[in-house]
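A short write-up of the structure that comes next.
Whatever order the structure lists them in is the order used to number ligands and atoms, beginning at 1.
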Amino acid sequence: MRISKDLKLKMYYTMTLIRRFEQRSTELFKNGKFPGWIHVSIGQEASATGACLALNENDYIGPTHRGHGQALAKGMDPKNMMAELYGKKTGCCLGRSGSMHMCDMSKGILCGNAILGAGLAFGAGVAMSSKLRKTDQVVLVFFGEGASNEGIVHETMNMAALWDLPIVFFCESNQYAELSHRDFHLKVDTIATRGVGYGMPGVTIDGNDVLEVYKTTSKAVKRARDGNGPTLIDSITCRWDGHYVGDPMVYRKEGDLEEWKKKDPILKLEKSLFKQDGILNKDGKQKMIEKIDQTIADAEEFAENSLYPEPEEALENVYC
Ligand SMILES: Cc1ncc(C[n+]2csc(CCOP(=O)(O)OP(=O)(O)O)c2C)c(N)n1
């Protein structure tokens, strides 16, 4: 599969935006600028980017509790995301969701979910709707290797395969689930092998290689759109930060962070873009970073200057 120069640059831009957005939101959170809890995905940018860029604009994603990168890659406006983190009225969920439940239906971003595995069942419902209404839309649901052991994940995969739903199950295997290394709760080397048990293909990929993620996801999306049912993708990556911002990471395996940092997904793509003349050079990189930093600064200013919802608005948009 040939990947155009423009798409490669878009991948680089998106991954860098995710990283810098999350680095800045970490600083803002630590400075007490907004309340709650945030889970960042620094180190995993290639997985969210390659997966989302393989989708059409009107396809859907089901994000996780670690979903900033997933939503940005699917096109959420950084202003609405930052304002949501701040709990402001101008946020993507009017200040009601915070970091973990962001959505933007106009961009096909179904609600993030703090209940592990639940997003898969919602996603299968949306995929079923797409199939019944013949809209040709595909749903890609993200989950972690920790969530892969939840009952709802197995029930959903079985049903989705049985009914050939247009859905892609995308596992961001980032090595840790809360404070547990994967070896602590998984007997198998890759959860892709579980696909056999449901009658769907399972593929293991280097989740830090955005080109590989994109190619594999594109095939899975085509299979789903063609009516041939779901694919299970195990995208092997690693989170560099704690489970949540502020996590002291005392459980982390010695030396593993250093090893994973050598496999930085952004640097990996950068090296290949620099090598192929004309795609990116030092100047182009600098300009792109300036643009990204301005986008983030604008988002921050927008969030700072926006209003909080009024207490009497608390029950607006509540359906039941
Ligand atoms: C049903 C359910 N069980 C337990 C939790 C508590 N919990 C929150 S995040 C997490 C670990 C998630 O690990 P993983 O699915 O690998 O995603 P990651 O955080 O690594 O991205 C757990 C156990 C929860 N939110 N929901």
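- Heavy-atom contacts of G144 reach the following atoms of ligand 1: 14 (P), 15 (O), 16 (O), 17 (O) (cutoff under 4.0 Å).
- If you check the side chains of Y251 and D247, you find a donor sitting under 3.5 Å from an acceptor.
- The closest protein non-hydrogen atom to atom 26 (N) of ligand 1 is L116 N, 3.2 Å.
- The shortest N or O to N or O distance between A114 and ligand 1 is below 3.5 Å.
- In the displayed structure, W163 atom CH2 is contacted under 6.0 Å by at most 12 heavy atoms of other residues, nucleotides or ligands.
- With respect to atom 23 (C) of ligand 1, the closest heavy atom belonging to the protein is E178 OE1, 3.4 Å.
- When the shell of 6.0 Å around NZ of K89 is examined, it contains more than 12 heavy atoms from other residues, nucleotides or ligands.
- When non-hydrogen atoms are compared, ligand 1 lies under 4.0 Å from neither the backbone nor the side chain of E172.
- A147 N, 2.8 Å is the protein heavy atom nearest to atom 15 (O) of ligand 1.
- K262 has a carboxylate O that lies under 4.0 Å from a charged side-chain N of E259, or vice versa, which qualifies the two as a salt bridge.
- Side chains of E22 and S41: a donor on one and an acceptor on the other come within 3.5 Å.
- Under 3.5 Å, the side chains of S130 and T135 contain a donor-acceptor pair of N or O atoms.
- Residue contact annotation: N174 has a non-hydrogen atom under 4.0 Å from ligand 1.
- Put simply, no part of F143 is less than 4.0 Å from ligand 1, judged by heavy atoms.
- For the pair K253/Q175, no side-chain contact is recorded, criterion being any heavy-atom separation below 4.5 Å from C-beta on.
- If you check which protein heavy atom lies closest to atom 21 (O) of ligand 1, you get R66 NE, 2.8 Å.
- Here the heavy atom of the protein found nearest to atom 17 (O) of ligand 1 is H65 CE1, 3.6 Å.
- Protein heavy atom at the shortest distance from atom 16 (O) of ligand 1 is G146 N, 2.8 Å.
- Checked against a 6.0 Å centroid threshold, the rings of F170 and F143 do not count as neighbours.
- Nearest protein heavy-atom contact of atom 9 (S) of ligand 1 is H243 CE1, 3.3 Å.
- The protein heavy-atom contact nearest to atom 3 (N) of ligand 1 is E150 OE2, 3.6 Å.
- H101 and N113 share no side-chain donor-acceptor pair at under 3.5 Å.
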